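Only heavy atoms go into these numbers, but all of them, side chains included; no hydrogens, no water, no symmetry mates. What you see is a predicted model, and the numbers here were worked out from it, not measured in a lab.
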Amino acid sequence: RMWSFLATSAVAAAAAGSTAGSTGSPLACFVEYPSSSTVKNMCERQFDEFPTVADATECADRCLGEASCVMFAWSTTEPTCRLSATCKQPTNALSGFDGYFRNSTAGACAPDPPSPPPPGPGIDGNWTRVFLHDAAEQGAVCIDGSPGAFYIRTGINGTATDPTKWVIFMEGGGWASSLEGSVARAKTDLGSSKGYPEFPQHMEGMGLFDAPPFATHTVVYAKYCDGGSWTGALSNPPINVTVGTDPPFTLYFRGRGLFDGLFEELLTNRGLDKATELLYAGCSAGGLTTYVHADAVTATMKARAPQAKVVALADAMYSLNHDDFKKDGHWPAFMSWVYHTMDPTGASVNDACVTAMATKYGTPPGNRSEGWRCMFGSAVAPFIQTPLFVLNSKYDTWQAAQIIGAGDFPHCRDTIATCPAPLKQFWVDYANQMIHLLDQLPPRFGAYLHNCQSHCQTGPGMWTTDTVNGTHMGQAVATWYEAALQGKQGQVPRFVDRCDVNPCGGDICNGKPPSAL
């Protein structure tokens, strides 16, 4: 059975509540590179069901530049349907997935999933899809040239949401890291709006959206299609890629134009100008978006809706500019490529941070080339003036492969206790450095830093089950949020687990006490 079935049918399978070849256990998605690669194991993800096209592509994105790269998806407990593929034709690998994926074993796969249900709302609430056509006319587009988009919730359970209270949530999805990878990304929902459904079927942040005090807020879910955490300048010329793609492909890196177009649409046509409070938030790459753009949001709201109080929440990506266990330098180089390709003047990144980095590293006046160092949450945070809540795992599963270098040890990534001793200590030291930097942030910052191995915590699971210092994640955010609106966030303690590996005391992690981990 072709793996193209897996990729193209995943949305239908998820909607039907079934997973091909799975018994309900987590699935791993692992991209392996040849030992000579400088970006070895740069993508390793775990999914609770077979990955969607977008999720699979996020992993396969890394595969395109390596002719001998191998990609796997399998059940971690009962591998009855193990699937794998080799990138024999990288330039065509993501064209519908046909001829690319194949079943590598004789294990029996589940039958084809039932047909998808008729189109309709997949998530509770009155959600409307909006394309940023006005911005597109000005040149602000996704990587493939299609218009940006967002979903907006204006009602729930038959009741209108509060038009004065808003959440704007920036979707995650990694970053483009090469021109070849960007061509592949442009053929997915992370680089194109052409496949966005009328009604959203999945969203990060649903735990936050549906819980007090945000359950009645007007919510905007900004779709991520620029590949650079919304940093590409509107003035960036198109890039024509001719090597490795037939026919040639034109790329657009204009994320900051999309960012400005998003707020223009919301303020001019959707009622954001009437807001009295706004939570600006995001997860993963959207979390970095929150860090680098929080003060830009505050400035925009001050100019267009001065009555609004703006606070921010970054879910994940309080990352360090840090080499990995193997000291191969891939993580700093990764983010440097994003900055220098999409925003080489640093016009879209926190200006105070970019200026400070230029001074620190002795660049000539006006030279902003060191601004790439602001593409890390922990580096840019000290320069952010907007009250901001840091929500992060000390042992983040995405950072495990991308930053720590645990990709060679898949089980270690998800259970740090199983890591080889030197790697385990390296990761613990990294986590403690996160705490050290967090402790230096001024009182306008709140925090929930925990030991549960996870990534993107604003979903419905951990939000209501896990605790630090006896306080649930959602409760900690709600308490800080209400205080921050009054300028009293400094009176709320930070929720930081200062134990190594296992949670302190009787705190709950992934719904379990420490004794059950």
Could you verify whether a donor N or O on one side chain and an acceptor N or O on the other, from [X] and [Y], lie under 3.5 Å apart?
X      : Y      : value
Glu264 : Thr268 : yes
Ser348 : Trp230 : no
Ser369 : Asn367 : yes
His340 : Ser336 : yes

In chain order, what residues pass the ring pair (Phe, Tyr, Trp, His ring centres under 6.0 Å) check against Tyr361, with sequence neighbours excluded?
-> none

Taking ring pair (Phe, Tyr, Trp, His ring centres under 6.0 Å) as the test, write out the residues that go with His322, two or more places apart.
-> Phe426, Tyr430

Heavy atoms only: give me the nearest [X]-[Y] pair and the separation to one decimal.
X      : Y      : value
Pro213 : Glu482 : CB-OE2, 3.3 Å
Phe263 : Val297 : CZ-CG2, 3.6 Å
Thr298 : Val310 : OG1-CG1, 3.7 Å
Trp427 : Lys394 : NE1-O, 3.8 Å
Ser284 : Ala316 : N-CB, 4.0 Å
Arg254 : Leu234 : NE-O, 3.6 Å

Looking at residues at least two apart in the chain, or sitting in another chain, which of them share a side-chain hydrogen bond (donor to acceptor under 3.5 Å, both in side chains) with Glu277?
-> His217, Tyr481

Using side-chain hydrogen bond (donor to acceptor under 3.5 Å, both in side chains) as the criterion, list what pairs up with Asp144, not counting sequence neighbours.
->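 In terms of side-chain hydrogen bond (donor to acceptor under 3.5 Å, both in side chains), with neighbours along the sequence ignored, Asp144 is linked to Ser146, Ser192.
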
Indicate yes or no for a side-chain donor-acceptor contact from [X] to the backbone of [Y] under 3.5 Å, with no hydrogens or angles considered.
X      : Y      : result
Asn392 : Met317 : yes
Ser378 : Ser319 : yes
Arg494 : Val390 : no
Gln307 : Asp273 : yes
Thr355 : Ala352 : no
Asn157 : Thr159 : no
Glu204 : Gly172 : yes
Asp295 : Gln385 : yes
Thr164 : Thr276 : no
Asp315 : Gly287 : no

Is the distance between the ring centroids of Trp331 and Phe376 under 6.0 Å?
->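 Distance test on ring centres: under 6.0 Å, yes.
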
Hey, are the side chains of [X] and [Y] touching, using non-hydrogen atoms and a 4.5 Å cut-off?
X      : Y      : result
Trp337 : Leu179 : yes
Thr289 : Tyr291 : no
Thr458 : Trp463 : yes

Arg153 and Asp210 ion-paired at < 4.0 Å =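 Salt bridge between Arg153 and Asp210, a charged N being under 4.0 Å from a carboxylate O: yes.
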
Sidechain N-carboxylate O distance under 4.0 Å for Asp351, Arg368 |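 Salt bridge present between Asp351 and Arg368.
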
Mind checking what makes side chain to side chain contact (heavy atoms under 4.5 Å, CB included) contact with Ala296, not counting sequence neighbours?
-> Arg256, Phe259

Classify the angle between the aromatic ring planes of Tyr221 and Phe209 as parallel (below 30°), tilted (30 to 60°) or perpendicular (above 60°).
->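 Ring orientation, 0 to 90° scale: perpendicular.
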
Tell me, which pairs form a side chain to side chain donor-acceptor pair (under 3.5 Å) where one or both residues lie in residues 435-446, sequence neighbours left out?
->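 Every pair satisfying side chain to side chain donor-acceptor pair (under 3.5 Å) with a residue in residues 435-446: His436-Gln440, Asp439-Arg498.
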
Would Glu171 and Lys223 count as a salt bridge (charged side-chain N to carboxylate O under 4.0 Å, His left out) if you check the C-alpha gap in whole Å, the side-chain angles of each, and the deciding distance to 0.1 Å?
-> CA-CA 6 Å; Glu171 183 180 49; Lys223 293 291 290 180; 3.0 Å; yes

